[in-house]
Number of protein chains: 2
Amino acid sequence: MSIIFSRQCEYALQAVSYLALQPAGKKTSIRELTKKLKIPYHFLAKILQDLTYKKLLVSQKGPSGGFALAQSPDQITLFHIVEAIDGSDFAHKCVMGFPECSGKNPCSIHHQWAKMRDEIYSMLVTENITEMAREMKKPEYRL
Amino acid sequence: MSIIFSRQCEYALQAVSYLALQPAGKKTSIRELTKKLKIPYHFLAKILQDLTYKKLLVSQKGPSGGFALAQSPDQITLFHIVEAIDGSDFAHKCVMGFPECSGKNPCSIHHQWAKMRDEIYSMLVTENITEMAREMKKPEYRL
DNA sequence: TTTATATCAGACCTTTTTGTCTTAATATAC
DNA sequence: GTATATTAAGACAAAAAGGTCTGATATAAA
Ligand code: FES
Ligand code: FES
């Protein structure tokens with residue numbers, strides 16, 4: 001089971017990370033991505049297509065076609081990606097699964113959870129692709 | 001989609017919360033729980049059975065039977081419940097879905113995530129049923 | 001004995017993930 | 001320009017996982 005993001009969303013994050021490491025403007029094919037990241041081909045294809053539709057990536061068909069970031073990497077935050085794939089429900093829903101989530105009618109761990117949820121949210125909003133790429137260029141990083 | 005715990009686990013947390021509000025030793029039937037919590041009968045039955053097997057609850061068949069906490073409520077933490085149903089993978093797996101998670105070969109948000117994950121973990125370990133019940137007795141609470 | 005309740009087995013549905021195949025676009029070679 | 005190779009886009013179905021429902025059986029209280 002996935003932790004907090006869906007499988008799709010995990011793959012999206014991985015793929016965008018990978019694209020962030022490529023020289024600006026270079027198109028990367030699905031084949032290369034699936035090979036490097038070990039992601040099922042058509043599942044990834046669909047995800048990239050969604051991200052393209054949402055204007056986070058651009059695509060090009062034909063020889064030497066592929067995908068690239070649509071915007072300057074410091075304008076794309078993790079939240080943009082997560083929101084495009086999973087939506088932003090996690091930021092509003094009750095962690096215990098109750099139908100509503102608010103301080104007016106909270107569950108027994110609402111207050112603690114709301115605090116952590118805000119931290120997660122602000123990390124997603126703050127962290128952008130440029131910073132991710134910077135981290136990933138350190139020698140110990142995995143891509 | 002569920003946030004971080006599976007549906008089963010959410011239901012488990014809800015049910016145990018409810019049991020925590022009952023007088024010590026009182027048996028509560030599945031019927032009462034499903035009615036109050038709007039949870040499918042046999043799904044909850046299976047979950048409670050699992051929690052019983054894991055020694056978190058006790059069960060009794062027959063008229064006026066039902067379920068009750070197996071231990072003193074201040075010895076049951078949220079983590080016990082989560083671990084029994086979902087396991088403790090969330091505490092070790094990569095949030096971006098990479099096969100390993102460690103500082104030696106981290107993903108681009110490992111460091112930030114690891115920090116939040118630890119907070120969540122320590123909340124789960126710290127928060128026990130007694131405290132949950134205390135929160136829930138406040139007038140604005142939902143059960 | 002009767003009745004209320006947990007337990008157990010299995011079918012069924014829904015969502016998510018993966019795989020097969022076809023079509024459309026386009027860069028490049030000629 | 002035309003042909004060809006390469007690539008994304010799209011339809012569709014299979015497989016897997018997660019969740020829900022039906023019904024029967026075992027157990028214990030009254
Ligand atoms: S009501 Fe449960 S997290 Fe807000
Ligand atoms: S490697 Fe991704 S969270 Fe640790």
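Keep in mind that this is a model prediction, so the values were computed, not measured. Each chain gets a letter, A, B and so on, in the order the sequences are listed, and its residues count up from 1.
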Chi angles and distances behind the side-chain contact (heavy atoms from CB on, under 4.5 Å) call for B/L33, B/I39: CA-CA 8 Å; B/L33 286 164; B/I39 300 176; over 6 Å; no

Evaluate B/D50 against B/K54 for salt bridge (Lys or Arg N to Asp or Glu O under 4.0 Å), listing each step before the verdict. CA-CA 6 Å; B/D50 286 350; B/K54 299 265 173 56; 6.0 Å; no

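Whole-Å rounding puts the B/L57 CG to C/dT7 C1' distance at 15 Å. The distance between atom CG of B/L44 and atom P of D/dT22, rounded to the nearest whole Å, is 16 Å. Atom CZ in A/F5 sits about 18 Å away from atom C1' in C/dT16, given to the nearest Å. Between A/F43 atom CZ and C/dT15 atom P there is a gap of 15 Å when expressed in whole angstrom units. Between the C1' atom of C/dT5 and the NZ atom of B/K35 lies a distance of 16 Å, rounded to the nearest Å. At whole-Å resolution of the value, NZ in B/K46 and P in C/dG10 are 14 Å apart. Atom CG in B/D50 sits about 10 Å away from atom P in C/dT7, given to the nearest Å. Following rounding to the nearest Å, A/I47 (CD1) and C/dG19 (P) show an atom-to-atom distance of 13 Å.
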N/O contacts under 3.5 Å, protein versus nucleotides 11-17 of chain D?
none

Pick out the pairs of N or O atoms, protein on one side and nucleotides 24-28 of chain C on the other, that lie under 3.5 Å.
{"residue": "C/dA25", "atom": "O4'", "partner": "A/K61", "partner atom": "NZ", "Å": "3.4"}
{"residue": "C/dA27", "atom": "OP1", "partner": "A/Q60", "partner atom": "NE2", "Å": "2.8"}

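Taking each heavy atom of B/K104 and B/P106 in turn, the nearest pair found is C-CD, 3.5 Å. For the residue pair A/S6 and A/I85, the shortest heavy atom distance occurs at OG-CG2, 4.3 Å. Taking both residues in full, the closest heavy atoms of B/E10 and B/I3 are given as OE2-N, 4.1 Å, listed atom of the first, atom of the second, then distance. Closest approach of B/N128 to B/P73, counting heavy atoms only: CB-O, 4.0 Å.
Each end of the helix from C/dT1-D/dA30 to C/dC30-D/dG1 gets its own axis, taken as the rotation carrying the C1' atoms of four end pairs onto the next four within a five-pair window, and the two axes meet at 10° to the nearest 10 degrees.
Proximity of a side-chain donor or acceptor of A/H80 to a complementary backbone N or O of A/T77 within less than 3.5 Å is detected.
The phosphate of D/dT20 (OP1 or OP2) has a side-chain N or O of B/Y11 nearer than 4.0 angstrom. A/T52 has no side-chain polar atom (N or O) that falls below the 4.0 Å cut-off from OP1 or OP2 of D/dA8. Taking 4.0 angstrom as the limit, B/Y41 places a side-chain polar atom (N or O) nearer than this to OP1 or OP2 of C/dA6.
Not counting sequence neighbours, the partners of B/E127 by the side-chain contact (heavy atoms from CB on, under 4.5 Å) test are A/I109, A/Q112, B/L78, B/E131, B/M132. Residues meeting the side-chain contact (heavy atoms from CB on, under 4.5 Å) test with A/S29, sequence neighbours left out: A/R31, A/E32.
A/I30 is not connected to A/V58 by any chain of hydrophobic side-chain contacts under 4.5 Å among Ile, Leu, Val, Met, Phe, Trp and Tyr, and they are in different clusters. Residues A/F43 and A/Y53 fall into different hydrophobic clusters, defined by Ile, Leu, Val, Met, Phe, Trp and Tyr side chains chained together at heavy-atom separations under 4.5 Å.
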Do any side-chain atoms of residues 113-123 of chain A form donor-acceptor pairs under 3.5 angstrom with protein atoms, and if so which ones, sequence neighbours left out?
{"residue": "A/R117", "atom": "NE", "partner": "A/A91", "partner atom": "O", "Å": "3.4"}
{"residue": "A/R117", "atom": "NH1", "partner": "A/K93", "partner atom": "O", "Å": "3.0"}
{"residue": "A/S122", "atom": "OG", "partner": "A/E119", "partner atom": "O", "Å": "3.3"}

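Ranking D/dC21, D/dA8, C/dT18 by closeness to the B/P40 side chain, first place goes to D/dC21.
Nucleic acid contact for A/I30: sugar-phosphate only, since backbone atoms but no base atoms lie under 4.0 Å from a heavy atom of the residue.
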